Participant: 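Dumping the structure here so I can ask a few things about it.
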2 protein chains.
Amino acid sequence: MVTLADVARHAGVSASTVSYVLSGKRSISAGTRERVERSIRALGYHPNAGARALASNRSNIIALMIPLRTDMYVPVMMEIAVAVATTARTHGYDVLLLTGEEGPDAVRRVTGSGLADAMILMDVELEDERLPLLRATGQPAVLIGLPTDTAGVTCVDLDWSATGALCVEHLAKLGHRDVAVIGEAPAVYERHTGFAERTLDGLRSRARELGLRVVHRPWEGGYDAMAATLSRIFDERPSTTGFVVQNESAVEPLLAVLRQQGRAVPEDVSVVAVCPEQVAVQASVRLTSVAVPAQEMGRTAVGLLVGKLDGRETDDVVLIAPELTVRASSGTAPTIP
Amino acid sequence: MVTLADVARHAGVSASTVSYVLSGKRSISAGTRERVERSIRALGYHPNAGARALASNRSNIIALMIPLRTDMYVPVMMEIAVAVATTARTHGYDVLLLTGEEGPDAVRRVTGSGLADAMILMDVELEDERLPLLRATGQPAVLIGLPTDTAGVTCVDLDWSATGALCVEHLAKLGHRDVAVIGEAPAVYERHTGFAERTLDGLRSRARELGLRVVHRPWEGGYDAMAATLSRIFDERPSTTGFVVQNESAVEPLLAVLRQQGRAVPEDVSVVAVCPEQVAVQASVRLTSVAVPAQEMGRTAVGLLVGKLDGRETDDVVLIAPELTVRASSGTAPTIP
DNA sequence: GACCGCTGTCGAAGCGCTTCGAAAAAGGGT
DNA sequence: ACCCTTTTTCGAAGCGCTTCGACAGCGGTC
């Protein structure tokens with residue numbers, strides 16, 4: 001193993017000089033720097049992470065806590081995780097992967113051991129039990145998701161409320177008067193994951209302003225469940241012509257059942273989805289959708305965290321504005337015959 | 001910050017005693033152990049990861065390299081990653097998340113810096129460029145996937161060749177004589193990712209033995225592409241009655257197009273999928289499938305790695321035997337009218 | 001020419017832990 | 001009571017790095 005001392009010897013300088021070349025924290029003459037850099041390359045030197053962490057009290061690692069469960073948004077989670085990992089690298093950080101399994105203990109462990117300099121938490125619940133700990137330890141953290149109380153923590157999220165409003169506005173503009181929302185699995189609501197409730201709230205209040213009627217049905221499971229859900233919706237509100245889907249795994253079942261029932265999209269009913277771009281484009285009908293900006297969320301979270309670690313002042317809550325892209329699944333509401 | 005020395009003082013013992021209580025590498029009398037443990041809890045002590053890594057030359061971190069691209073098997077990747085993270089924790093390891101982006105450099109960096117004790121590589125290509133490095137450094141590593149040359153590395157994978165064979169056997173047993181394989185995107189083959197080619201080889205050679213005819217068509221993209229692919233297949237081989245799908249994102253398009261063409265599953269055509277259990281169960285037709293045992297792969301990989309790190313002798317190549325579950329998408333071949 | 005303020009470099013201390021050899025304590029036989 | 005073995009505990013060295021204060025040169029100033 002090549003150590004800093006080896007490099008110093010090879011370059012004919014002291015260890016501290018090599019260290020300063022590496023960190024740039026003191027000025028080093030061009031000649032010396034050059035010589036040291038050449039030695040580093042010649043010997044294939046890599047600074048020892050542990051020693052560095054010990055001496056500098058900084059690990060250059062960001063912990064990312066992903067949910068263990070896979071009942072929702074797996075591709076979104078994956079995309080965020082990959083974006084976090086790549087962005088972190090460009091800032092010189094590595095990413096430690098924690099699963100929600102350990103829960104608050106993981107926060108304690110990572111903070112206490114100095115394993116990571118900061119944390120990114122996903123799958124944040126409205127009253128997340130990890131928050132008090134985070135506030136108490138003063139560990140720099142960014143949440144992806146928006147808890148009820150954002151005091152002392154930084155958050156990044158899609159503006160779900162605006163997303164819901166945007167969907168219903170789009171349908172209203174096309175003349176739809178009765179809208180059905182196919183929501184997440186009941187478990188998601190029970191857990192008080194913020195985004196599901198917020199979307200619904202935003203959608204409902206905008207619908208009220210615009211004079212639309214809304215029914216909301218959670219969904220989970222398979223095609224049969226979807227068929228049942230749809231019959232119920234059309235029984236209760238026969239004049240339903242607009243659909244909002246917030247659950248990417250519900251997209252294909254919904255389209256399939258509609259097709260099977262002989263309802264044409266977008267002639268008879270319009271569908272607006274909240275889902276990753278890719279899902280919208282690859283669906284059997286190209287979907288009018290509000291994209292879930294997974295990458296942007298991951299990138300932003302890392303950006304904020306690095307800002308904090310560098311002592312910069314950062315925003316407390318970053319809400320990403322939703323953007324609706326019109327594709328082939330929405331159109332003018334059918335005129336009642 | 002609470003250090004080991006603080007604990008020692010609090011418990012009235014020396015630092016080394018505390019260390020031995022923690023590591024269990026020397027016997028400590030029950031009384032002393034008790035006292036030390038009480039102090040640890042009282043002070044809320046967590047060993048400093050950096051110091052530990054420096055002194056012991058072990059970071060207790062496993063690096064997991066996941067592919068950057070998301071053109072395939074995202075849920076499988078995610079499931080493996082989560083399984084790796086959870087299993088690693090039960091062995092006292094944390095997981096560092098690397099993306100393929102850095103490529104071989106990541107291997108060099110992580111090995112050189114002592115950031116991780118070992119690596120798990122996913123998305124292994126037949127002639128993976130990270131392999132020579134791994135062999136050279138002697139870094140303990142486990143590949144998820146099977147390269148051409150497995151010398152000096154440990155691999156875990158589903159036995160794809162047997163998987164292909166199993167699928168075609170099942171169809172043969174049901175009386176199908178002409179089988180079509182809907183394969184991965186062409187890019188996957190061009191990259192020489194082992195599993196795609198192996199499945200196909202296994203399937204083809206078994207088919208030859210059983211006297212079945214096979215056509216193979218890569219697929220990628222949307223429903224239109226699937227419709228085109230199917231017409232071509234039925235034009236060229238009108239007597240095709242068996243389908244094998246190896247691409248989970250192709251499942252719904254295939255079923256949808258078949259339905260649209262008025263071909264009943266399983267009465268007119270049978271479909272066998274290679275995909276995660278969940279996809280098979282939630283599809284619009286419950287699919288006869290060979291499950292991709294993502295969790296098992298992740299768990300096994302960690303198990304092997306921990307074994308290596310503990311100096312145990314481990315297998316070099318662990319091939320997981322495929323299991324075919326019969327569901328509603330396959331049945332007796334229709335008799336030619 | 002003595003003095004000043006630079007810039008560039010060095011030496012040493014110390015980060016918190018593990019680990020080795022050795023000392024101290026505790027039994028066990030005679 | 002003694003010696004010998006075994007168990008338990010301690011002290012000190014050292015892992016590879018960062019960082020602080022100090023020092024050596026250097027050109028410029030009065």
Side-chain angles (χ1 to χ4, degrees), chain A residues 1-37 39-40 43-61 92 94 109-117 309, chain B residues 1-37 39-40 43-61 92 94 109-117 309:
Chain A
M1 167 179 236
V2 188
T3 72
L4 194 152
D6 296 331
V7 176
R9 210 168 309 123
H10 186 272
V13 298
S14 78
S16 46
T17 302
V18 177
S19 177
Y20 286 123
V21 167
L22 248 31
S23 68
K25 292 193 179 170
R26 282 198 186 175
S27 61
I28 297 287
S29 69
T32 309
R33 189 198 336 282
E34 184 95 345
R35 211 141 31 87
V36 169
E37 280 166 353
S39 298
I40 288 178
L43 301 179
Y45 169 70
H46 284 273
N48 178 290
R52 189 169 253 194
L54 178 57
S56 67
N57 213 14
R58 290 286 231 98
S59 65
N60 281 294
I61 288 181
D94 271 294
R109 193 169 59 85
V110 168
T111 315
S113 67
L115 234 187
D117 297 331
L309 289 171
Chain B
M1 166 175 239
V2 187
T3 72
L4 194 151
D6 297 331
V7 175
R9 209 169 308 123
H10 186 272
V13 298
S14 78
S16 47
T17 303
V18 178
S19 176
Y20 286 124
V21 167
L22 250 30
S23 68
K25 293 194 178 169
R26 282 199 186 173
S27 61
I28 297 287
S29 69
T32 310
R33 191 202 330 287
E34 185 98 341
R35 211 141 31 86
V36 169
E37 279 166 354
S39 297
I40 288 178
L43 301 179
Y45 168 71
H46 284 273
N48 179 289
R52 189 168 253 192
L54 177 57
S56 67
N57 214 12
R58 287 289 230 96
S59 66
N60 282 293
I61 289 181
D94 272 294
R109 193 168 60 85
V110 168
T111 315
S113 68
L115 233 187
D117 297 330
L309 288 172

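Letters A, B, ... are given to chains in the order of the sequence lines, protein chains preceding strands, and every chain is numbered from 1. Everything numeric in this text was worked out from a predicted model, so none of it was measured.
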Participant: Check every strand shown and say whether A:T32 touches a base, only sugar-phosphate, or nothing at a heavy-atom separation below 4.0 Å.
Facilitator: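 Here A:T32 touches the backbone only, sparing every base.
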Participant: Does OP1 or OP2 of C:dG8 have a side-chain N or O of A:S27 closer than 4.0 Å?
Facilitator: yes
Participant: Where each residue is assigned the nucleotide of DNA chain D containing its nearest heavy atom, which of B:R35 and A:S23 is assigned the position nearer the 5′ end?
Facilitator: B:R35
Participant: Output the distance between atom CZ (B:R26) and atom OG (B:S19), rounded to the nearest 0.5 Å.
Facilitator: 10.0 Å
Participant: Take the protein atom CD1 of B:I28 and the nucleotide atom P of C:dT19, then report the distance between them rounded to whole Å.
Facilitator: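 For the pair B:I28 CD1 and C:dT19 P, the rounded distance is 13 Å.
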Participant: Return the residues of residues 4-12 of chain A meeting this criterion: a heavy atom under 4.0 Å from some atom of DNA chain D. Order them by number, or give none.
Facilitator: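 Those residues are A:L4.
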Participant: Taking the side chain of B:T3 as heavy atoms from C-beta outward, which of C:dT19, C:dG16, D:dT9 is closest to it?
Facilitator: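 Selected nucleotide: C:dG16.
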Participant: For the side chain of B:R26 and the base of C:dT19, is some donor closer than 3.5 Å to an acceptor across the two?
Facilitator: no
Participant: For the atom pair CG (B:L43) and NE2 (B:H10), what is the distance rounded to the nearest 0.5 Å?
Facilitator: 5.0 Å
Participant: I need the B:Y45 OH to B:D6 CG distance, nearest 0.5 Å.
Facilitator: 9.0 Å
Participant: What is the distance from NE2 of B:H46 to P of C:dC17, rounded to the nearest Å?
Facilitator: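 Atom NE2 in B:H46 sits about 12 Å away from atom P in C:dC17.
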Participant: Within the structure, does a side-chain N or O atom of A:K25 lie under 4.0 Å from either OP1 or OP2 of D:dT19?
Facilitator: yes
Participant: With distance as the sole criterion, do the side chain of A:S16 and the base of C:dG11 form a donor-acceptor contact below 3.5 Å?
Facilitator: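 Checked by distance alone, the answer is yes.
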Participant: Using whole Å, report how far CG of B:N48 lies from C1' of C:dT18.
Facilitator: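 The answer, rounded to whole Å, is 13 Å.
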Participant: Rounding to a whole Å, what distance do you find between B:N57:CG and C:dC17:C1'?
Facilitator: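 The answer, rounded to whole Å, is 13 Å.
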Participant: Measure the spacing between CD1 of A:I40 and CG of A:L22 and express it to the nearest 0.5 Å.
Facilitator: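 Spacing of CD1 (A:I40) from CG (A:L22) equals 4.5 Å.
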Participant: Examine the base of C:dC20 for any acceptor or donor lying under 3.5 Å from a partner atom in the side chain of B:Y20, and report the outcome as yes or no.
Facilitator: yes
Participant: With rounding to the nearest 0.5 Å, note down the distance linking CE in B:M1 to NE2 in B:H46.
Facilitator: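 So the gap between those two atoms works out to 10.0 Å.
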Participant: Atom CE of B:M1 and atom P of C:dG14: how far apart are they, to the nearest Å?
Facilitator: 18 Å
Participant: CZ of B:R58 versus C1' of C:dT18: gap in Å, rounded?
Facilitator: 13 Å
Participant: Check whether any side-chain nitrogen or oxygen of B:S14 sits under 4.0 Å from OP1 or OP2 of D:dT9, and answer yes or no.
Facilitator: no
Participant: From CD of A:E34 over to P of C:dG8, roughly how many Å is that when rounded to an integer?
Facilitator: 15 Å
Participant: Roughly, in whole Å, what's the span from CG in A:L54 to C1' in C:dA13?
Facilitator: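 One finds 13 Å between C1' of C:dA13 and CG of A:L54, rounded.
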Participant: Is there a donor-acceptor pair closer than 3.5 Å between any side-chain N or O of A:D117 and the backbone N or O of A:S59?
Facilitator: yes
Participant: Let me confirm one number: the OG1-CG distance from B:T3 to B:N48, rounded to the nearest 0.5 Å.
Facilitator: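 Answer rounded to 0.5 Å: 9.5 Å.
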Participant: Please state whether the phosphate of D:dT9, meaning OP1 or OP2, lies under 4.0 angstrom from any side-chain nitrogen or oxygen of B:S29.
Facilitator: yes
Participant: Measuring to OP1 and OP2 of C:dC17, would you say a side-chain N or O of B:S56 lies under 4.0 angstrom away?
Facilitator: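 Answer is no, no contact under 4.0 Å.
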Participant: Going through the checks in order, is the side chain to side chain contact (heavy atoms under 4.5 Å, CB included) test met by B:D94 and B:N60?
Facilitator: CA-CA 6 Å; B:D94 272 294; B:N60 282 293; over 6 Å; no
